[in-house]
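For reference, the structure is listed below as structure tokens.
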Amino acid sequence: MLHKSRIKIKNTLSEAKYILEHLWDSTLQWPLLCLITVAALMVVAVPLPLYYQWVYGIFFMGLTLLIDRSPSHFASIVICLSSILTSTRYIFWRITQTLRFDHIMDAVFGGVLFMAELYAWAILILGLFQILWPMQRPVVPLSGEDEELPTVDVFIPTYNESMEIVQNTVFAALGMDYPKDRFNIYLLDDGHREEFRLFAEEAGCHYLTRNDNLNAKAGNLNAALKKTKGELVCIFDCDHVPTRAFLQLTVGWLQKEPNLALVQTPHFFYSPDPIQRNVPGGDELPGDNELFYGTVQRGNDLWDATFFCGSCAILRREALEENNGFSGETVTEDAHTALKLQRRGWDTAYINIRLSAGLATDTLLAHIKQRARWARGMTQILRIDNPLWGRGLTIAQRLCYMNALLHYQFALPRVIFLISPLAFILFNSSIIHASAVMVFAYAIPHLFMSLWAHERLSNGRRQPFWGEINETLLAFHLIKPTLITFLNPKKGSFNVTDKGERMEDDYFDIRSVRPHLITAGFLFLGLVVGIVKLIYSSYFHIQPSVLVLNVTWASFNFIILLASIAVAHESRQIRNTVRFPFRIPFTAYFEDGHVIDSVTDNISLGGLAFSLPKNYELADRDIPEISMKVDNRSFALPTKIVSKSGSLVRLQFEAASMPEQKKLVAALMGQADAWLHYGPEEKPVSTIASMKHILKIIFGLLRYRPQKRINKKAAIKNEKGAVKK
């Protein structure tokens, strides 16, 4: 096969890397490197008295605030490097000055806390390296005549998902803009369902199944590879609906670069995730995946380390065959497949354009179940195919993969951070051998700089403190699967994330946050004890400053825990389809012959809402049909009125024919620009504004009074599968 493409290809895509290459090739490289190294060591290792350490911290924090006013990416680099130096100085101080313990309990609590801090520092360094200069890869147009374009096999794997979910993806895939004789759609049914075979036959796509379910999704895809022969393989999870432009905007890169094995696009979700749906003001929060797909994957692309994410991607069959298909050794077959392809010298790419949209997890329990599988799979890769070892990867690729794999080990460190202040408050254990003012002098710049650097690079894709809330929400549930998998990588099996479920009533899912409630109870006890000790500090012979430090820390943890607990208030979800705030012109035909032209206020695959013209009386008339135009082709849908409120009328679509359903999916979800500006605006939010929002959520939680206890049937199926053992 072709050798790995030269770095000059990347230089054409990234001015930053081009400059770095030429700087490195210059005669000043070694003097410059030595100068930077010496300066960094001085900043990190030179001990300072308390006063000068405060001057150092205030200087760097002030410099960050000043530089942050500049929108240039050079300013972002300076902020990130300052954050790395400040955090490394904090860790160096912890190692050299604070790890002296007088008692065994101090050593245990203090040692565990330091290991958690060391982990957080490593993740900080790797994370900032990974996203320091995100690449915005341009689109390469298709080249050649229609008959010269690569042939594409589109795989849509399914197991137990409903027909309502799967059919929309099939309809949209059939409508993609690509020569019809150059691509084929395959519905890969691991559920062996006759109704799906009949549907595929009627819809006009191929139906494939197999005799067993070995290796779950990876096995399903590999079985299909053996029965197909397209030059390229395009994959959509059965709830990920592609736009018509998907192949047009992705195949060009695979034509241009013969050594390119993968083009990945974002996973965008048109339905709210549990956090967005369950907390007040959640509709203004970016989705849980926005940071990864909006920033991290672009950073990976710079280093030729794009991850395959299992869907919304297109791969070269030649590369897959050289790899013996998709990797089935772990439950995250996607990331492992990309790693093995890159080990073999193949390149990968990421196009940051929303070319498809899917369903987010419906409930908190389903969200936990999904993340537990991801954590287990990444831990398996860490154990059986560690990217630090073996041939084929560049240093940058190894670091990018290590950051991803280590990130999913956050559960235990996160819990340690939550409960550590209780060691001093309840047991008088000195876990950091230093005065409180010295801890503040080192810790405040470290925390401030790391927070600011991440917020700067995330560019509004994750609001302040929500990373801590997300991790806290999952931490207690991920400890067991990650530890067990680390000890025994073969433990566990693939599980499918439930999608499209409905809930008849609001309820509080106490099962998902039981450990959070227990920990919050201990923290509340610690705060009460801490305040009492602070009032009577002379009686307890405790330094007030040290107590203030730990009470402040415990208070912050208590706030984060309560915000996480608030997500367990599951909101009523009875709609079968998601409403889109699209304004689409249509014509309504009344049963008495009247006709009006209007525009939808919102629309779904199940119906629409629109406003009647001013002074227009609906009376008792019905609207049995509406028509709309897609691509200059009109089509009609049977309807009936389900409600009227003032001038707002809601229509429900009656049973439509398959051609009508295809056109409706194309109109709502298949348009090339359908998702480009969909969802909350990505804009930076101040730390104060974010904390105000979190406190508002907590206040709402404290006022919440559940109407009924959780209904197992209405909540989610297969409770025991939430965290696979």
Side-chain angles (χ1 to χ4, degrees), residues 15-16 19-20 23 28 31-98 117 120-134 291 295 299 302 434 436-468 549 552 556 683-691:
E15 179 184 356
I19 294 173
L20 290 174
L23 180 62
L28 297 177
L32 182 62
L33 182 62
C34 291
L35 180 63
I36 293 174
T37 302
V38 171
L41 288 174
M42 290 180 63
V43 171
V44 168
V46 173
L48 294 174
L50 176 62
Y51 172 78
Y52 289 104
Q53 174 58 31
W54 274 114
V55 171
Y56 166 91
I58 292 172
F59 170 77
F60 271 97
M61 289 189 291
L63 181 65
T64 297
L65 293 175
L66 181 63
I67 295 176
D68 191 52
R69 299 171 65 89
S70 170
S72 74
H73 198 78
F74 177 76
S76 300
I77 293 176
V78 173
I79 291 173
C80 289
L81 293 178
S82 299
S83 173
I84 291 172
L85 289 175
T86 302
S87 295
T88 305
R89 178 172 176 80
Y90 170 79
I91 290 295
F92 185 82
W93 171 74
R94 287 281 280 121
I95 294 173
T96 57
Q97 302 293 324
T98 68
E117 288 184 298
W121 171 76
I123 291 297
L124 171 69
I125 303 298
L126 291 172
L128 291 180
F129 166 80
Q130 189 175 29
I131 63 176
L132 188 59
W133 202 294
L291 180 63
T295 301
L302 177 70
V437 288
M438 187 62 83
V439 172
F440 276 122
Y442 277 90
I444 289 178
H446 153 61
L447 296 173
F448 176 89
M449 295 293 293
S450 60
L451 175 66
W452 214 273
H454 271 296
E455 295 307 320
R456 171 85 182 196
L457 291 183
S458 69
N459 197 29
R461 296 184 178 94
R462 178 161 291 172
Q463 296 183 7
F465 307 120
W466 280 97
E468 287 78 5
L549 168 63
T552 302
F556 176 78
K683 57 181 180 180
V685 175
S686 71
T687 302
I688 295 176
S690 183
M691 181 54 72

### Query
Distance only, no hydrogens: is a donor on one side chain within 3.5 Å (strictly under) of an acceptor on the other, for Q97 and Y442?
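Their side chains do not contain a donor-acceptor pair, so the 3.5 Å distance test is not met.
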### Message
Any donor-acceptor pair under 3.5 Å linking the side-chain atoms of W93 with those of T98?
### Response
no
### Query
Could you go step by step and tell me if Y56 and F60 meet the ring pair (Phe, Tyr, Trp, His ring centres under 6.0 Å) rule?
CA-CA 6 Å; Y56 166 91; F60 271 97; 4.7 Å; yes
Between [X] (side chain only) and [Y] (backbone N and O only), is there a donor and an acceptor less than 3.5 Å apart?
| X | Y | result |
| --- | --- | --- |
| R456 | D68 | yes |
| R89 | H446 | no |
| Q463 | V685 | no |
| H73 | L132 | yes |

Find the distance between [atom1] ([X]) and [atom2] ([Y]) and round it off to the nearest 0.5 Å.
| X | Y | atom1 | atom2 | value |
| --- | --- | --- | --- | --- |
| Y90 | L124 | OH | CG | 12.5 Å |
| L126 | I131 | CG | CD1 | 11.5 Å |
| F448 | I58 | CZ | CD1 | 11.5 Å |
| L48 | W54 | CG | CH2 | 13.5 Å |
| W466 | L291 | CH2 | CG | 15.0 Å |
| C80 | L457 | SG | CG | 4.0 Å |

Minimum heavy-atom separation for [X] and [Y], please, with both atom names.
| X | Y | value |
| --- | --- | --- |
| P445 | G57 | CG-CA, 3.5 Å |
| V439 | L549 | CG1-CD2, 3.8 Å |
| A441 | Q53 | O-NE2, 3.3 Å |
| S87 | S450 | OG-CB, 4.3 Å |
| R461 | T295 | NH1-OG1, 3.0 Å |

### Query
Does the side chain of I84 come within less than 4.5 Å of M449's, by heavy atoms?
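Contact flag for M449/I84 side chains = no.
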### Message
Can you confirm whether V44 sits close enough to L85 that some side-chain heavy atom of one is under 4.5 Å from a side-chain heavy atom of the other?
### Response
yes
